[in-house]
Structure formats: C-alpha cells, structure tokens
Amino acid sequence: MGIFEPFRAIGYITSSVPFSVQRLGTETFVTVSVGKAWQVYDCAKLSLVLVGPQLPKKIRALASYRDYTFAAYGNNIGVFKRAHQVATWTRHNNKVNWLLLFGEHVLSVDAKGNLFIWPFKGLEENLAPIGHILLEDKFNPSCIMHPDTYLNKVIIGSQEGSLQLWNISTKKKIYEFKAWNSPIFCCVSSPALDVVAVGCADGKIHVHNIRYDEEIVTFSHSARGAVTALSFRTDGQPLLASGDSSGVISIWDLEKRKLQSVIREAHDNSIISLHFFTNEPVLMSSSADNSIKMWIFDTSDGDPRLLRFRSGHSAPPLCIRFYANGRHILSAGQDRAFRLFSVIQDQQSRELSQRHISKRARKLRMKVEEIKLKPAVAFDCAEIRERDWCNVVTCHMDTPRAYVWRLQNFVLGEHILTPCSDNQTPIKTCAISACGNFAVLGTEGGWIERFNLQSGISRGSYIDIYEKSSCAHDSEVVGVACDATNSLMISAGYHGDVKIWDFKGRELKSRLEVGCSVVKLLYHRSNGLLATVADDMVIRVFDIVALRIVRKFEGHTDRITDLCFSEDGKWLLSSSMDGSLRIWDVILARQIDAVQVDVAITALSLSPNMDVLATSHVDQNGVFLWVNQAMFSGASYVDFYARGKEVVSVKLPGFSSKEIADEENHENHIGCKLHVKDTAYASLLNHQIPDLVTLSLLPKSQWQSLINLDIIKVRNKPIEPPKKPEKAPFFLPAVPSFSGDILFKPTGTAVEEKEKRDDEMKTSKRKSDLQTSQFLQLLLSSAEMKNFSQFTDYIKGLSPSTLDLELRMLQIIDDEDQQEPEKRSELYSIELLLDYFIHEISCRKDYEFIQAVIRLFLKIHGETVRRQSKLQDKAEKLLEVHSSVWQTLDKMFQNASCMLTFLSNSQL
C-alpha cells in the first residue's frame, strides 16, 4: 500500500458496445458499457444510478432484465444482480460478441459461431447451458435478433450478407434468406408482424418481409457509410431511424418511402445504438464519441431536437487542474473541448460553451469540430475573481491568441488576448496573477506580454534590454509564473535561462542558468520555490529569493510530462512517459513513494486538501482519481504508507470504488491494512509527546449529554399520562396504550402467570443481548489485542442514549444469585471497562469524552464496584492514574489562569 491508492475514473459515459434498455414499472433505465465496467442511467434525467464492478477484460456485449445485468467479457459472461456478481458462465472458448435476452433465457454467440442457451432463473443450482448450436463454417455471425411473435426462433445475420432463421428449441436451421452481397451490421424487428429492417455495410437499409422472403423497400444513405444502428418508432408514426459510421442519424418515412429528416453531426463518431422508447416520440442514441443523447420529435415539421444528453471527452485530455477547492476538475482535451468534471456529483459535469458554434457550422456548411477552438496546450485559472470577470485563460495549439473563459456562466469570454509582437507566433504558456486581474502570456518566439483580464487590454511586454533581440527570451517561452504579491514574474526559455522580472515595472531583476534545455516550469507561491524540468530528465528546484538551486531530483528514465506541488509545498509530484508517478519530499530532499502504471500519465493535479490526485493518461478519455490513504488515516501515518525508492506496479483506477478481487488477495489486503494501522498506532503511542493531553474533537453536546442524561429524560417525559380510549367496551377492563389500540387486562391467576412469563422473557433476552452485543465483542477483542483504538472509535460513534443503554445492559439483574463472581459475564465485562478507562487515561487521549463516559459508568455500576473486592482494586488504580493526570493538567490551568489575571490587571 502506498500513499495514493486507485479510487475511480470519471468522465466515461459509454463505449463502442450497444446499450441495453429496460423498463421497471414506470421508469426506464439504460445500461451502457464503459470499458471494463458497466453503468446504469435513469432515462428520465440521464442521471447515473448504478456502477458495476471492474471486470478483468473489456466488455464486448450487454443485456439486462430487471435487476439482472449480463456482461460478456473475453470468453466469459458475468451475471450481476444489481452491482454484485452472482454467477459466471464459462463454456465459450472464443470471444463472446453478442448477447440476446430471450424470454427466460440468454443467448450468447462467439466469434466462431457457437451459440449457447443459458437459463438465468435458478442460477445457484445450475450454471451450465441448456443448449448449444454450432453455426455453419462459412457463416460468420454479425448480429442476432428475435422477430416478434416467432416462438423459439431467432434471426442471425452474417458478414457474408445473408440471414438465417433458427429454432433454438429444436436446434435446427429453418430457413436462409437471400444475401445482399454486403456484410450485415444490424437487424431489428418492426411493429408490423413479419417485417424486419436490415442495415448493411454498403449504406443500404432493407425492409424485408421474412414470412414471404420479399423485399418491401430499400433505403440508401447518401454518405455511403455503413449502417450501424436501426430502430422503429412505436407510437403510431411510421418512422425508421438509422445511424451510420459517420455519426449522422437519418429518419425515414415508411409510408412515403423517402427520407424525412437528417440529424447531421448528431455524434462525432460512429453511431453504436439507436432506440425509440415504447409509445413515446423519443429516440436515444449512443456513439463511440463517449456520449448518449436523447432526441424528441415535437416540432411542427416533425424534425427531432436534442432533449438531453451526457457526454465526456471523445479524445484524451491534455491538461487537467482542480478547481473550487477540489470539488471540480477543469480538463482540456484533444477533442477541442474544455470541460468541467464534478468529483462529487457526476450530473454536474459539463462542457464549457464556445458560443454559437452549431449555428455558425450550419451557415458555413462545416463540421462543428472544425469551428471549435483548437486543442488547448496550457491553461491557468484563478478563483478569486470568478464573480467579477473571466477567470480562466487558455492557450491553444498553433494559435497566436489566447482565450478567456467565465466559469460562473460556463461560457467563452468576450475578450481575445493577442500579443502585439511583430512576429505572430503561437502562444505556448500562460499564467494568471494571484489577484486575478492580470494574465501573462508567453509565445513560441520568446515574447512575453501582460493583459488585463477585465478589459482585455495589453498592459505592456517584458523585454530584456541586455539581449540583442527585442524579446524576453531568445527561444520559446516554456513557462511563466507570478508570485503571491504581484512583485515578481518568473519566466523560463527553452535554452535554459530562467529570468526574474519586476512584475509592475517589467524590468529584468536577476537571471538563473539551468545548464540545459528547459521544457517545463512550476512555481509555488507560498514557499517561493521554482521547479524546472530539463531534457536530461532531472527536476531542479530553485529558491527565487536566494537565487540558488536547493534541490535536485533524479529517477525518471523518460520524458517528464507534468509536475505538481502539494498545497503546503512539502511534496512535489512528477509523472513521466516511463509510466511512473513519483512523490518527492522537498524538505527531506528524497523520494518517498513511486508507482508504475500500465499507461503513461500525461497530466496530473493534486487537490488543495491533498486528499485526491487526478491523472490523465495516453489514449484514455477519462480522468482517473487516486485517494491519499495517508491523509485519511492521519498525518502521523505517512511514513508507514510511503515506500521510499521502491517502485510498485499499480493498476489504473476502475469505474467504481469497489473492485472485483479474489478472496486471497482481499484477505492479504485487509491483513496488510490492519498491520499498518496497528503499527502506526503503536508508533503513535511511543512517540506521544510527554504531558500532552488530547481531546476527542467531538461536538460538545455529545459528551455533555452523557452527563445530563437524567435531566434530559425528565425533560422529555410526557406532561400527561396516556388517555383511556373513549369507546372502550364497558364490560371488559382495559388499559391505555401509546399506540391507541385497546388492550384488555387479564384477571386472576392469568395476571400472575403472564407477569412471570414476561420477567423470564426479559431476563433471557437481556442475557442473549449481552452475549451478542457488538459493544461487548469489540471490548473483548480490544482487550485481547491490548489496543482499544477500535473500541474508542465505536463508542464515539454511538449516540448518548445508545451508549447509556449499552452500559445498562451490563447491570447485575439478580443480586441474590450465589454464582461465583469469576463466572459472571457481567462482572467480567465491568472489569474490562475499568481496564479500558485506566488505559485511556494513561494514554491521555480523548480526555473530555472519557471523563463523561466514566461518570456515566459510575452512576450505573458504582454500587456493583463497591461490593466486589476485585473491582475495588481496579477502581483504586483508576483513581490513582486519574489523579496524577489531573494534577498535571490542573497545574497548567493554574499557571495559565495566573498569567491571564496578571496581564489583565497590569496597566500598559
């Protein structure tokens, strides 16, 4: 276990696997694949409701039925109930490419033409298929569907362009339809009986009557792209929707047999799935561009409009950065999109608007991608001026202008920052001042210029008068930064010269030479340290005030891609194309942890609270989150989580925080975690500062309520007793009840027998509760391990009334019992509690909370402790330990009180 452990990935919406739609009651859900996991969205708002576990391989096919989800990965099929895997079907010897839900069975087809029939009812009793069909050698399956009203029959399409009708009950081929001389990509059933639609690779759609094997109508796509998805409308309108490999959705009128409308640029990549909701004018589409969209047909001309959508990056992110105190992540990708991801709530993720690009694209008859800004290569943000004006600046690939964004409205700003240099070269780097008023831009030609963000007006350029050129650097500017007080501006050139400028006067103050080409610069405003990355893969840290190098970190074996300082400036994180992520301790000047991942990291960012690390990777469209284990376990445990110079291979975070692991690995992980925790706790006790007393940091009301429980109970008593029901039977004696129901009171010996039975039941119940109480189990296990930290955490989480009840459960019920004290479980538990109090007082931890618990304990069990000699010895020891600790505390309180009194009475 290291400092950062994989948590989960965000920004993934769907992949190139067709989705599965199901209806539960009045709600509709869609199950999509996101690589090695699956997700369920509520179609009402496209909100994420469930994330499946991480699978060993990528999902190739999906099917769903009520609470069950069937996912084909590799040669296996996983069966999940909700998010828990309940079975695995493993009969296939080749990759499973298609799944079809067929009544109470699931049909699976692999790449070699093996079709298995699986029953998913009674999974615990039978995991074997009930049928197997081997397709013909020259028939390579490409799709499978069930025609409506055809009992026990399925249609299988092939890459050769033919269709076959099979009876899965008799396992025989019934009929083979004529070939269309083009590979079949999809096949769907229509609301009309015996009619199906077939989509081919040549862009043609064949509406075919399978009963008579006759062609009804043929549609042809003008773009000549392959037809990848089809869906019939089912609310009475004779429409057919088709999607092709270019991302265009076409709507065909079946009555008029012509094209009705076209949704151009519906997606940026091939259409994977289309689905018309039952009896609704709503069409859902998914694409390989990592998006799901819903279209509604409610316009007067019948054309669809976009109703709602969810999307992520369709190409890998280039730059990422935490924003809003770690609640959001800003991300700029190769798909020309600038996005904001929410770490807490996935529904808040969105793409920042680049204004009316869709309207401009239609006017210019261009693609939306061509109208968008080019991919951003660098950006900077400042939260201090978010409500006033634009607070984000982006630099784009091969663009001599910088753009500003207003995050409050999630839109592109009105100003465009264009440097006034004679030679217009692309802007490579940018930085926003600490006050949020200025933006500094550095270009490929060595020019550095400052702009006012509110007005977008230039506020001067930085020129080195000692150089022959009229620029700040004689090479590309690889980084700029501003200090916390707007006194200094730091810039670095590719040739290795780091220059420090007067921010306001724009004059060169000093200069540092790195000695080799610099490719990246990072400045930490709080401690004034500047980190540079050079071509020799060495990280050098400079002190800007002392103007000297203070640290030098070596270890990466390939190009360093990104750097990141922790908020307190104690850690420096670096990533490299060698696949490693290294954490350097700036104070100790050494590497404290390192991990190796399968896919190289391209960008990283650490949250201000240092609890979450975000990374982006090569060929990965999402952002991956890592949790700081040392942060959640306490700052004292960092040394126990860090590995030092050891580099450990770690898998990338999955799509959910719960991963599938075998029992052995799970047990080893738990054992390692417990060992680390126990070691850290023992070390914490050994390194406890002498005479230091710690508090529990619980709310004052929680431990004060333990002291005042009696007062609270009296105050909460009802003012009047429950009233007798007005209409009780006059001939039977009745007793009032809190529920208002009429209770009849038995008479004579029945009363005595009932009371006796009630007493016996209460006694037996209390004894059984005493044996099974989690309170006692934790107390016993903690006493055996001589480590009460887990027990303390447990009782701190209990409410005052619950803790009072747990302590009262240990009361002596029958004082006249002649059983030996050693054999009475209640006395043994009270003795363990006294040992616990002695231990906690000795450790001087959670002082005010332990005092309140001791007071409540003595109020309940004080008489029992007085009567038992063995408990008296424990109580005397507790008094002795408590007195010694309190005398030390009281002395310090008296010293502070005297000092305060002296200072308050003195005349200055």
Side-chain angles (χ1 to χ4, degrees), residues 15 17-24 28-33 36-40 50 52-53 55-135 141-157 164-173 186-189 196 272-273 275 660:
S15 64
V17 176
F19 56 64
S20 175
V21 179
Q22 60 173 327
R23 191 172 183 86
L24 296 177
T28 306
F29 299 91
V30 57
T31 305
V32 300
S33 165
K36 295 183 179 180
W38 48 269
Q39 298 179 158
V40 180
L50 186 66
L55 298 176
K57 296 181 180 179
K58 287 187 177 181
I59 295 176
R60 304 179 64 85
L62 280 173
S64 58
Y65 175 76
R66 294 185 180 176
D67 288 339
Y68 288 94
T69 301
F70 309 92
Y73 57 95
N75 301 343
N76 302 328
I77 302 171
V79 183
F80 302 87
K81 186 172 184 180
R82 298 288 291 173
H84 303 284
Q85 189 166 2
V86 295
T88 304
W89 296 335
T90 58
R91 187 60 64 90
H92 285 279
N93 295 323
N94 298 281
K95 292 181 178 180
V96 181
N97 291 332
W98 299 276
L99 291 177
L100 176 65
L101 186 67
F102 193 78
E104 297 182 356
H105 304 88
V106 174
L107 308 184
S108 61
V109 184
D110 61 25
K112 296 297 183 181
N114 292 287
L115 188 150
F116 286 95
I117 306 167
W118 308 86
F120 61 85
K121 290 196 174 181
L123 291 171
E124 294 77 8
E125 293 80 11
N126 186 14
L127 296 177
I130 61 174
H132 171 249
I133 298 175
L134 180 61
L135 303 178
S142 59
C143 64
I144 181 172
M145 57 85 63
H146 166 61
D148 293 340
T149 72
Y150 279 59
L151 187 63
N152 296 328
K153 296 177 183 65
V154 295
I155 289 179
I156 304 174
Q164 291 184 357
L165 180 66
W166 284 78
N167 189 316
I168 64 169
S169 180
T170 61
K171 302 179 181 61
K172 293 182 180 179
K173 182 176 73 172
C186 56
C187 183
V188 295
S189 180
V196 299
I272 301 300
S273 297
H275 176 79
I660 292 181

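We're numbering straight along the sequence, starting at 1. Just the heavy atoms: all of them, side chains too, but no hydrogens, waters or symmetry mates, feed the values below.
For W118 and F70, the gap between ring centers reaches or exceeds 6.0 Å.
Atom OG of S108 sits about 13.0 Å away from atom CZ of R60, to the nearest 0.5 Å. The SG atom of C143 sits 9.0 Å away from atom CD1 of I156, with the distance rounded to the nearest 0.5 Å. In this structure, CD1 on I133 lies 7.5 Å from OG1 on T170, to the nearest 0.5 angstrom. Distance CG/L101 to CG/L107: 8.5 Å, rounded to 0.5 Å. Summarising the geometry, atom CG belonging to D110 is positioned 8.0 Å from atom CG belonging to N75; distances are rounded to the nearest 0.5 Å. A distance of 9.0 Å separates CG of L151 from CD1 of I168, quoted to the nearest 0.5 Å.
Nearest heavy-atom pair, F116 versus H92, reported as atom, atom and distance to 0.1 Å: CD1-CE1, 3.1 Å. The two atoms that bring I272 and S15 nearest to each other are CG1-O, 4.3 Å, heavy atoms only. The heavy-atom pair separating W166 from L134 by the smallest distance is CH2-O, 4.3 Å. Across every non-hydrogen atom of S189 and M145, the tightest pair is N-CE, 3.3 Å. The minimum heavy-atom distance between K171 and I130, with the atom names listed, is NZ-O, 4.3 Å. Closest of all the heavy-atom pairs between W98 and P141 is CH2-O, 2.8 Å.
In this structure the side chain of W89 never reaches within 4.5 angstrom of the side chain of V96, judged on heavy atoms. You'll find the side chain of F19 stays beyond 4.5 Å of the side chain of S33, heavy atoms only. Inter-residue side-chain proximity for I117 and L115 is flagged as met; some heavy-atom pair is nearer than 4.5 Å.
A ring-ring contact (aromatic ring centres under 6.0 Å, His included) with F80 is found for one member of W38, Y68, Y73, Y65 and no other, namely W38. Paired with T31 under the rule side chain to side chain contact (heavy atoms under 4.5 Å, CB included), one option of V21, V17, T69, L50 passes, and it is T69.
By the 6.0 Å contact criterion, NZ on K81 is open, its count of non-hydrogen atoms from other residues, nucleotides or ligands being 12 or less. Remark: R82 CZ is loosely packed, at most 12 non-hydrogen atoms of other residues, nucleotides or ligands lying under 6.0 Å away. Counting heavy-atom neighbours within 6.0 Å of N93 CG, excluding the residue itself, gives a total of 12 or less. More than 12 heavy atoms of other residues, nucleotides or ligands sit less than 6.0 Å from atom NZ of K173. Within 6.0 Å of NZ in K153 there are more than 12 heavy atoms belonging to other residues, nucleotides or ligands.
In this structure, F102 and H146 have perpendicular ring planes: the angle between them is above 60°, well past the 30° mark.
With hydrogens and angles ignored, the 3.5 Å screen pairs a side-chain donor or acceptor of Q22 with a backbone N or O of R66. A donor-acceptor pair is defined here as one N or O able to donate and one able to accept, closer than 3.5 Å; such a pair exists between the side chain of S20 and the backbone of S64.
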